[in-house]
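Contents: one structure, followed by commentary.
Keep in mind that what you see is a predicted model, and the values were worked out from it rather than measured. So that the names make sense, note that chain A is the first sequence line, chain B the second, and so on, each numbered from 1.
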Protein chains: 2
Amino acid sequence: MTNRSRKTIKDVAAAAGVSIGTASRALNRRGRVSEATVIRVTNAAKKLGYQPDAIAQSLRLKSTMVIGMLVTDLSNPFFAGVIRAAEKRLQQAGYALLVGNTDNESEREGALIDLFRRRRVDGLIMGPCAAENVPLLEDLDQNDVPIVGYDRDVGSDQSGLHVDHRRAAYEATRHLLNLGHERIALLSSSSKLSPGRERIAGYTEALAERGFEPRDDLIRAHKSSMDFVASEALSLMSLRPAPTAFLTLGTRMLAGTLQGLRQNGLRIPQDVSVLTVGDTDLARLHAPSISTVTWDLELVGQMLAELMLRRLDKSEDGAPQRIIIPTQLIERESCGSPGA
Amino acid sequence: MTNRSRKTIKDVAAAAGVSIGTASRALNRRGRVSEATVIRVTNAAKKLGYQPDAIAQSLRLKSTMVIGMLVTDLSNPFFAGVIRAAEKRLQQAGYALLVGNTDNESEREGALIDLFRRRRVDGLIMGPCAAENVPLLEDLDQNDVPIVGYDRDVGSDQSGLHVDHRRAAYEATRHLLNLGHERIALLSSSSKLSPGRERIAGYTEALAERGFEPRDDLIRAHKSSMDFVASEALSLMSLRPAPTAFLTLGTRMLAGTLQGLRQNGLRIPQDVSVLTVGDTDLARLHAPSISTVTWDLELVGQMLAELMLRRLDKSEDGAPQRIIIPTQLIERESCGSPGA
DNA sequence: GTAGCTTGCGCAAACGTTTTTGCAATATTG
DNA sequence: CAATATTGCAAAAACGTTTGCGCAAGCTAC
């Protein structure tokens, strides 16, 4: 079998003894074709192993069936899980997922948006990022490419999905306050991004409810490299009076914090309580296990896909929608009362 | 600015007062065009914000500049890290990455291969998978779509990259043997996949060197769901005589094992030693920290991309290449001598 | 038995590029 | 200055689809 070159619809048409137009209509069961030729064409296609060329279809139909997804870090499990779920749902609907990693650099983000645009993605899902590539996005939007943001406000009126980081931080802080903590150190992801800002707001709000002022020296919102966070944790513990609890409000903050505390020989929760955001193997299985405020990654990915599909479905009204994902507190062993 | 519809090369040509053929040649600096018109066309393009349509280019040039990547689990950090690195390198070379998640189901894998094929990906990177969709792959290969396998042999003569799982398991086992362990329980990922097979082979080899026979009741190679692994760990510890060491040779085995051991109140390393494969936050920061045999994820992703790019570069000889990624043992606190 | 309606299908245009070909106009050569 | 080589560009073909249009044949109805 000299299967060397791909078969085109031309080959199918020839094999079935019809014109290519008819072959196309037969394969897509569209327009007026007799049942007899539908069968002839279908058989010919099967025999030849014909599959329509998606590129040519895209060109003609002006739809690539590809969704682009942009995140700051593909390997962050909190993105990876979301991507996985989104891919699954989109695949069901016949879409493929093109991924891009921005490393939180606005330049790379811009380049990727451009790339996706040139590639004519049918839609774009964007994770949080400091960069303001708003003009590029608006241009896409104007060209009928729906954009859904994930923990990110993307300009004017785009759809978005937001984890309720504010409430998460609020609940977490309240939990610690209820245990009697007053000096709660906050290690957060960058306050330039929406999640970071929201978290700090939630923290502040909970403090304010009890009449406490947030103290700037207790808040560290920077990069999340592990070593850096470890040294921040140490520096926080050397304050006098030292904080009695740590709130690590960034998905990658926990590891560094634990490392820092361990280096200093501090025990959890006797010497200091720890509460983190985002559930991981580490939080679950650390000794002691770490209490956490978390949310459903699968749900996030699924809803992102759903939001996108709804925007893509012309029959629906394409009104942008905003979805808030709730969080829940899981109590474990890492929080106690200060001085207990 | 009524930027409503995308600009095509036709608009650029019109604006520059030349034919579209000339515009194309000017923009690509190819063929015979005068410097003057190059400038005129370039300016017109810039003013209009023109960007060539990648779909049309793909159709004409028969190259999509897209690489497909198929893994069993996008959210497994050991794949996510690799994907991240691969995407980075491929992006540098102008390629975009289309991802697919197989969930280890051969059916989904087949569907995705088909999808990628229809989408005309320029190359395919495939992670380990139990399924034998070899005919599909050979068909791709015959159509000049290079395939590079990651921890997977993909049929006849494709390029491949392999982490040295056999040696990893061998070294790990030897390490435990040197400490005096004789009953070493093995929790491995499925033996149907290449990594699992190799690991068991390495384990067996190390045992054989010391004149030990591998005991079937000490080897569990199944699914890696956390609860299942935990119960397996418990069942292993209830053997008499009980194993004195655990070798968890699957990237997701450690969590379940630790959970199982903890449920039983067993101390590491006093009651049982634990050695795992693949470094994670959990292994690093668990108390006690867990010794591990690991490798460089970034390197894997980078080399996969590199391998692919080399196959795609027609100027190179396209000879398939095989790369072995070395592993190294990191000693931590989780391994001691039995009965010590 | 003819007018009109329906059916099935071929033809050709279109999607947005790149590349080949051909043809003038200009430049080079003896 | 005539013959020839070179240059710059327009026109058209091609990539693989889908789809609007028109035409012939068969059917219904008066």
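Comparing T37(B) and G21(A) along DNA chain D, the residue whose closest nucleotide (by nearest heavy atom) sits nearer the 5' end is T37(B). Along DNA chain D, the nucleotide nearest to E35(B) and the one nearest to L61(B) differ in position, and the one closer to the 5' end is contacted by E35(B).
For the pair T22(B) and dC9(D), the criterion of a side-chain N or O lying under 4.0 Å from OP1 or OP2 is not met. Using a 4.0 Å cut-off, no side-chain N or O of K7(B) falls inside it from OP1 or OP2 of dG16(C). Contact annotation: K10(B) side-chain N/O to dT17(C) OP1/OP2 distance is not under 4.0 Å.
A salt bridge is absent between D53(A) and K62(B): the closest approach of a Lys/Arg side-chain nitrogen to an acidic carboxylate oxygen does not fall below 4.0 angstrom.
Side-chain atoms of D53(A) lie closest to dT17(D) of the nucleotides dA10(D), dT17(D), dG16(C). The side chain of S24(B) approaches dT18(C) more closely than any other nucleotide in the set dC21(D), dT18(C), dC9(D). Side-chain proximity of S19(A) to dG16(D), dT17(C), dG10(C): nearest is dG10(C). Checked against dC9(D), dG10(C), dG16(D), the side chain of R25(A) finds its nearest nucleotide in dG10(C). You'll find that the side chain of I20(A) is closest to dT17(D), out of dT20(C), dG16(C), dT17(D). Here the side chain of Q57(B) is nearest to one of dT18(D), dT21(C), dT18(C), namely dT18(C). Comparing dC9(D), dG16(D), dT18(C) by their nearest atom to the side chain of S34(B) picks out dC9(D).
Within a 6.0 Å radius of CD in Q51(A), more than 12 heavy atoms belonging to other residues, nucleotides or ligands are found. Sparse packing is recorded around CD of E298(A), with 12 or fewer heavy atoms of other residues, nucleotides or ligands lying under 6.0 Å away.
Between the side chains of N101(A) and E87(B), not a single donor N or O lies within less than 3.5 Å of an accepting N or O. T251(B) and N76(B) form a side-chain donor-acceptor contact under 3.5 Å, judged by distance and modelled atom types alone.
R119(B) has its CZ atom 15 Å from the C1' atom of dT17(D), to the nearest Å. Rounded to a whole Å, the CE atom of M65(B) is 17 Å from the P atom of dT17(C). Remark: C1' of dT17(D) and CG of N28(A) are 9 Å apart, rounded to the nearest angstrom. Rounding to whole angstrom units, CZ of residue R32(A) and P of dG22(D) are separated by 12 Å. Taking atom CZ of R60(A) as the reference point, atom C1' of dT17(C) lies 16 Å away to the nearest angstrom. We find that CD1 of I55(B) is positioned 14 Å from P of dT17(D), with the value rounded to whole Å. At whole-Å resolution of the value, CD1 in I39(B) and P in dC9(D) are 12 Å apart. Separating the CZ atom of R40(A) from the P atom of dG8(C) is a distance of 13 Å, rounded to the nearest angstrom.
Counting any heavy atom pair closer than 4.0 Å across all strands shown, R30(B) reaches sugar-phosphate atoms only and no base atom.
In this structure, OG in S194(B) is found 6.0 Å from NE2 in H162(B), a value given to the nearest 0.5 Å.
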